[in-house]
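Both ligands and their constituent atoms are indexed starting at 1 by order of listing. These values consider heavy atoms only, across backbone and side chains, with no hydrogens, waters or symmetry-generated copies. Only a predicted model underlies this, so the values are computations on that prediction, with no experimental measurement involved.
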Amino acid sequence: MKAHDGMYIGGEWRAAAGTDAIEVVDPANEQIIAHVPAGTAEDVDAAVRAARAALPGWAATPPAGRAARVAALRDVLVARKGEIAATVTAELGAPLPFSQAVHAGVPILVAGSYAELAASYAFEEKVGNSTVYAEPVGVVGAITPWNYPLHQIVAKVAPALAAGCTIVLKPAEDTPLTAQLFAEAVHEAGIPAGVFNLVTGLGPVAGQALAEHDGVDLVSFTGSTAVGKQIGATAGAAVKRVALELGGKSANVILPSADLAKAVGVGVANVMGNSGQTCSAWTRMLVHSSQYDEAVALAAEAAAKYGDRIGPLVNAKQHARVRGYIEQGVAEGARLVAGGPEAPREQGYFVSPTVFADVTPEMTIAQEEIFGPVVSLIRYEDEDDALRIANGTVYGLAGAVWAGDDAEAVAFARRMDTGQVDINGGRFNPLAPFGGYKQSGVGRELGSHGLAEYLQTKSLQF
Ligand code: NAD
């Protein structure tokens, strides 16, 4: 695959300060497909300086002008959609149709939504005898994971651009080619030099240097809760703004009045998509004891149908980690009804779609984020029991509720400690705020709530 041997800083590809490189591996066949430079604190510093220098000009660009550039960026993403999908498939391993529809399709929707919001948002309002201005926060340090490589980038960069901020991006080490392609798109869209900068590199080196840099006003991080806690502590010590999108362990609550077959089928599909590497996946399926055995049979059947159609996990480490969780589930007494820890192919980081029955709420597989194609069926006795189980983890990112009518599902959803809930199979909405309760994070992405993360207010009194 084509890769740049440099960093995108100040509107051009510049040689990295050091000589270390990161190998990019195709997880479907374990072959090295490219190398990218491993950035250092020196590269991060150069990128932050470029972003700082570009800030006054971009912040002063009228919203309509910023909206035009974000729209141009969306158009380039549309024009290069095929290339984006192929790149994500090569470095993440997602099947091509999924890459086309989701990995390339969703960022286009999100970029388009911010082109519109930049043009229509009320950056100025009257409050009594005051005028309140929403001004850009400043230089944003964006740190992103590999699981939805382009979406995670666009969900930060598009609102930051719309707000008038400038950005330094440190993408995940497993998926840097998608980030380089995005930098090319920014360039092609005519976004001024220094407004967006890219430094590839390792988390504890380039990521940490970015999070700690004095010239960064806001750190926007998506990734694991463990790293998020460190970043939050560093930002807190510097009185720097921070937005954290972290892990999840979401519940799919099937109330007795629901269409059981539909709820189980959609629930299994939700977990298997992207090979289970979705922070908001409904990995705990909660079923009333009277319907439990039927749900287990339906889930096993749905998982078996996936067979070979799911992609590999992203890397060898995740492969070992997920298989370790499956072994731990068995060791703690859960019952495997589909899949298992054995690697289904000799090559590539594949894991079979796996379903566990007889999972109790305190088991490790019901508490910790597995980040693989593994769903756990948990039995409940009544609604209060279901609610206690649903809310019984440190996370609160997403969830689902199924019932005979929406009102019954909504009443349950309102009692859940979580940031978003799909009612009876509700569809993804790119304008709805996305983010976590509890240890799933701080702040919201997408739509106007996502834009507000990149703004700070100033009031003038008359
Ligand atoms: P990770 O935390 O290991 O890495 C995420 C990013 O942080 C990468 O770019 C990495 O290089 C960087 N990083 C690692 N150590 C760092 C450090 N010490 N300082 C600064 N940066 C550092 O997570 P991951 O394994 O890449 O991604 C999977 C996790 O992301 C899962 O827990 C998942 O739930 C979470 N996630 C959350 C959301 C959400 O919106 N809430 C979305 C996607 C993924």
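For ligand 1 and Q208, the ligand atoms under 4.0 Å from any heavy atom of the residue are 18 (N), 19 (N), 20 (C). The distance from ligand 1 to the heavy atoms of G207 drops below 4.0 Å at these ligand atoms: 19 (N), 20 (C), 21 (N). Every atom of ligand 1 is numbered from 1 in the order shown, and the set under 4.0 Å from a heavy atom of Q230 is 18 (N). Of all atoms in ligand 1, listed by their number and element, those nearer than 4.0 Å to a heavy atom of P171 are 9 (O). Distances below 4.0 Å separate heavy atoms of Q152 from the following atoms of ligand 1: 42 (C), 43 (C). With ligand atoms numbered from 1 in the order given, ligand 1 contributes 43 (C), 44 (C) to contacts under 4.0 Å with heavy atoms of N147. Residue-ligand proximity, L397 to ligand 1, at heavy-atom distances under 4.0 Å covers atoms 41 (N).
Annotation: atom 2 (O) of ligand 1 to nearest protein heavy atom, S224 OG, 2.6 Å. Atom 17 (C) of ligand 1 has G203 O, 3.5 Å as its closest protein atom, hydrogens excluded (heavy atom only). Ranking protein heavy atoms by distance to atom 41 (N) of ligand 1, first place goes to L246 O, 2.6 Å. The protein heavy atom nearest to atom 35 (C) of ligand 1 is G223 O, 3.1 Å. For atom 26 (O) of ligand 1, the nearest non-hydrogen atom of the protein is W146 NE1, 3.0 Å. The protein heavy atom nearest to atom 7 (O) of ligand 1 is F221 CE1, 3.2 Å. In terms of protein heavy-atom proximity, atom 9 (O) of ligand 1 is closest to T144 O, 2.7 Å. In terms of protein heavy-atom proximity, atom 12 (C) of ligand 1 is nearest to I143 CG2, 3.6 Å.
In terms of polar-atom proximity, defined here as any N/O pair under 3.5 Å, I231 makes no such contact with ligand 1. Taking any N or O of T225, backbone or side chain, none lies under 3.5 Å from an N or O belonging to ligand 1. Inclusion of E445 in the set of residues having an N or O under 3.5 Å from an N or O of ligand 1 is not warranted. For the pair Q318 and ligand 1, the shortest N or O to N or O distance does not fall below 3.5 Å.
Side-chain polar atoms of Q439 and K229 form a donor-acceptor pair below 3.5 angstrom. Judged purely by distance below 3.5 Å, without hydrogens or angles, the side chains of Y395 and E369 never pair a donor atom with an acceptor atom. A donor-acceptor contact under 3.5 angstrom links the side chains of S220 and K156, judged on distance only. T178 and E91 share a side-chain donor-acceptor pair at under 3.5 Å.
Of all the heavy atoms in E30 and G348, the pair that sits closest is OE2-N, 2.8 Å. Contact record, G18 with D43: N-OD2, 4.5 Å, taken as the closest heavy-atom pair.
Residue Q347 qualifies as enclosed at atom CD: its count of foreign heavy atoms under 6.0 Å is above 12.
Taking only non-hydrogen atoms, the option from V227, L210, L446 nearest to atom 15 (N) of ligand 1 is V227. For atom 10 (C) of ligand 1, the candidate residues are E173, K249, H151; the nearest heavy-atom contact is made by E173.
Within the structure, the closest approach of A172 to ligand 1 falls below 4.0 Å when heavy atoms are considered.
Residue contacts with ligand 1, taken as heavy atom pairs separated by less than 4.0 Å, involve T222 via backbone and side-chain atoms alike. The backbone and the side chain of C279 each have at least one atom closer than 4.0 Å to an atom of ligand 1 (non-hydrogen atoms only). In Y148, neither the side chain nor the backbone holds a heavy atom less than 4.0 Å from any atom of ligand 1. Contacts of A226 with ligand 1, taken as heavy-atom pairs under 4.0 Å, are absent altogether.
Between Y8 and W13, the ring-plane angle classifies as tilted under the 30° and 60° cut-offs. Ring planes of Y148 and H103: tilted class, angle from 30 to 60°.
Comment: R52 engages D217 in a salt bridge, judged by a side-chain N to carboxylate O separation of less than 4.0 angstrom.
One finds the CG atom of N391 at 3.5 Å from the CG atom of D417 (value rounded to the nearest 0.5 Å). A distance of 11.5 Å separates CG of L92 from CG of L177, quoted to the nearest 0.5 Å. Once rounded to the nearest 0.5 Å, the distance linking CG of L169 with CD1 of I143 reads 9.0 Å.
In this structure, Q31 contributes its side chain and N29 its backbone to a donor-acceptor pair below 3.5 Å.
A 4.5 Å side-chain heavy-atom check between H4 and V36 finds every atom pair outside the cut-off.
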